[in-house]
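I have placed the structure first, in the form of structure tokens, so that the comments after it can refer back to it.
Just so it is clear, the model here is predicted, and its values are computed rather than measured.
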Amino acid sequence: MKEEDWRVLKIIEISMRYYEWVPMPEIIKKTKLDKKEILYRLKILDKFKLINRSSYGYRLSHRGYDALALNAFVKKGIITAIGGKLGVGKEGDVYNILLSNNREAVLKFHNLGRTCFTRGKRYRSYLADKRHISWLYASRLTAEKEFEVLTDLFPIVKVPEPIEQNRHAIIMGKLKGDELKRVDLKQLDIDINKLFWGIINEVKKMYELGYIHGDLSEFNILIDEDGNFTIIDFPQAIKIKEDKDEKLKLNKLPGEFKVDIEFYLKRDLENLLRYFKKYGINENLDAIYKYIVEK
Ligand SMILES: Nc1ncnc2c1ncn2[C@@H]1O[C@H](COP(=O)(O)OP(=O)(O)OP(=O)(O)O)[C@@H](O)[C@H]1O
Ligand SMILES: [Mg+2]
Ligand SMILES: [Mg+2]
């Protein structure tokens, strides 16, 4: 791809703030290229499936958005190679990458709207007042959110190191190990009770820093063969203070926000208790909840 191809693609990206389908006259006006050249560039972009077209005009495809983020990382000299897919989540794909300092890392694309928007509710707190949200905007917002949370938590809490963010993509430190869900803890030479309390203590630290994970379960904790664990996947994290402010703005009684915090935190804890019950850990939800929220 040539510089002009990227230019046309970026103009389409920018114009999508105003158009569902960006019309040709707009592309001509903004790129200052002539129509013949633009048509040629669009053909290339179309060949790589970076755009979609209709009778109204052109728009960025999900792949096109991925390409723009990737190109930005490459141009900044951050990424030198991209490898295989590590995982396909409901909201995005995770790839192995190589940084320019030869360090391995992972790249996570947030792709909201590619699948259905069933998790929409969780995002409502920060998308509430933005009408007509496009997947483009929503995906970028969740990536920014996840990056911000990781930045606030790392390295105090055991989470991946945040490295870079661009558009809907974040680069973070690569972790060894597998999802708890896919590991048989009995096969590991570890103290399961210690692991459980280790995770609970991370949740407590997270809470003290003002966050609730919001989707904590055996799917979002990675563990290596030595029993070292890391908590991942933060786009839906709940910022305790922000929630408080939001509710106060809506003229709710101060007591009411506590209900939400308690609900989300207890739901996370219930997931953990359910998982660890299979390994003979029988702790009481209210007692653990109290342990986390008290100073
Ligand atoms: N920093 C990392 N290092 C190694 N592997 C990772 C890392 N981050 C994510 N993964 C892998 O990619 C998978 C998907 O990542 P993550 O859970 O963050 O994305 P998601 O799309 O939100 O997934 P879900 O649909 O489960 O919510 C993880 O389950 C894990 O296997
Ligand atoms: Mg996940
Ligand atoms: Mg997730």
Side-chain angles (χ1 to χ4, degrees), residues 69 72-73 76-79 82-83 86-87 89 91-110 122-123 125-126 139-181 183 194-243 261 264-265 268-269 271-272 292-293 295:
F73 289 135
K76 264 181 97 176
I78 298 159
I79 294 187
I82 179 158
L86 250 173
E91 292 135 22
D93 301 339
V94 180
Y95 293 88
N96 275 310
I97 55 165
L98 199 62
L99 302 181
S100 48
N101 57 10
N102 261 339
R103 187 180 148 199
E104 276 188 75
V106 303
L107 173 63
K108 177 175 173 181
F109 287 115
H110 288 260
R122 292 212 197 134
Y123 297 97
S125 69
Y126 59 104
S139 303
R140 175 169 62 83
L141 219 54
T142 55
E144 282 171 358
K145 166 98 184 276
E146 180 160 42
F147 196 78
E148 186 191 314
V149 179
L150 291 178
T151 306
D152 285 351
L153 297 181
F154 184 87
I156 303 166
V157 182
K158 290 178 181 160
V159 300
E161 177 190 357
I163 298 172
E164 282 284 336
Q165 182 256 324
N166 184 278
R167 293 181 173 80
H168 62 322
I170 66 175
I171 297 177
M172 56 186 152
K174 184 178 161 78
L175 308 163
K176 283 192 298 167
D178 218 335
E179 291 152 26
L180 264 190
K181 168 76 191 169
V183 174
K194 216 174 127 192
L195 172 67
F196 172 77
W197 281 102
I199 294 170
I200 293 297
N201 279 321
E202 294 306 303
V203 175
K204 185 172 168 71
K205 274 193 271 173
M206 223 185 280
Y207 183 84
E208 280 158 6
L209 290 172
Y211 286 106
I212 294 167
H213 186 286
D215 192 21
L216 195 59
S217 73
E218 60 273 33
F219 293 93
N220 286 328
I221 299 173
L222 302 186
I223 187 164
D224 70 11
E225 59 260 40
D226 301 320
N228 300 311
F229 70 91
T230 313
I231 301 174
I232 61 163
D233 199 358
F234 285 88
Q236 71 294 311
I238 294 125
K239 202 168 186 172
I240 298 167
K241 185 160 175 308
E242 198 177 72
D243 256 40
I261 303 286
Y264 288 115
L265 183 53
D268 279 357
L269 295 174
N271 287 338
L272 291 178
I292 286 174
V293 300
K295 289 246 148 48

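A distance of 10.0 Å separates CG of L222 from NZ of K174, quoted to the nearest 0.5 Å. Y264 OH to I212 CD1: the interatomic distance, rounded to the nearest 0.5 Å, is 9.5 Å. Rounded to the nearest 0.5 Å, atoms CD1 (I79) and CG (L99) are 7.0 Å apart. Expressed to the nearest 0.5 Å, how far CD1 of I97 lies from CG of L107 amounts to 5.0 Å. Distance check: I199 CD1 to I231 CD1 gives 6.5 Å after rounding to the nearest 0.5 Å. Separation of atoms CD (Q165) and CD1 (I170) is listed at 8.0 Å; rounding is to 0.5 Å.
Side-chain atoms of D224 do not come within 3.5 Å of backbone N or O of K176 as any donor-acceptor pair. Under the 3.5 Å distance criterion, the side-chain polar atoms of D178 are left unmatched by any main-chain donor or acceptor of V183. The closest donor-acceptor contact from the side chain of K239 to the backbone of V149 lies at 3.5 Å or more, if one exists at all. A distance-only check finds no donor-acceptor pair linking the side chain of S217 to the backbone of N271 [under 3.5 Å]. At distances below 3.5 Å, at least one donor-acceptor pair connects side-chain atoms of N201 with backbone N or O atoms of W197.
Across K145 and A237, no two heavy atoms sit closer than the pair NZ-O, 2.6 Å. Taking all atoms of both residues into account, the shortest heavy-atom contact from G83 to Y95 is O-CD2, 3.8 Å. G227 approaches L195 most closely through the heavy-atom pair O-CD1, 4.0 Å. Of all the heavy atoms in A105 and I163, the pair that sits closest is CB-CD1, 4.2 Å. Residues G77 and S100 approach most closely at O-OG, 2.7 Å, considering heavy atoms. Of all the heavy atoms in P160 and L175, the pair that sits closest is CG-CD1, 3.9 Å.
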Open item on the list: Applying side chain to side chain contact (heavy atoms under 4.5 Å, CB included) to N166 and I78, what does each step give before you reach the verdict?
Closed with: CA-CA 11 Å; N166 184 278; I78 298 159; over 6 Å; no

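Considering R140, H168, E146 as possible partners of H110, the one that fulfils the side chain to side chain donor-acceptor pair (under 3.5 Å) test is E146. Just one residue in the list T142, L153, D215 forms a side-chain contact (heavy atoms from CB on, under 4.5 Å) with F234, and that residue is L153.
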Check residues 203-211 and write down every donor-acceptor pair under 3.5 Å in which the side-chain atom is one partner and the other belongs to a residue at least two apart or another chain.
{"unit_1": "K204", "atom_1": "NZ", "unit_2": "Y291", "atom_2": "O", "d": "2.7"}
{"unit_1": "K204", "atom_1": "NZ", "unit_2": "E294", "atom_2": "O", "d": "2.8"}
{"unit_1": "K205", "atom_1": "NZ", "unit_2": "I156", "atom_2": "O", "d": "2.9"}
{"unit_1": "K205", "atom_1": "NZ", "unit_2": "E202", "atom_2": "OE1", "d": "3.4"}
{"unit_1": "K205", "atom_1": "NZ", "unit_2": "E202", "atom_2": "OE2", "d": "3.0"}
{"unit_1": "Y211", "atom_1": "OH", "unit_2": "D152", "atom_2": "OD2", "d": "2.6"}

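No side-chain heavy atom of H213 sits under 4.5 Å from any side-chain heavy atom of I221.
With salt bridges taken as basic N to acidic carboxylate O contacts below 4.0 Å, one links D233 and K108.
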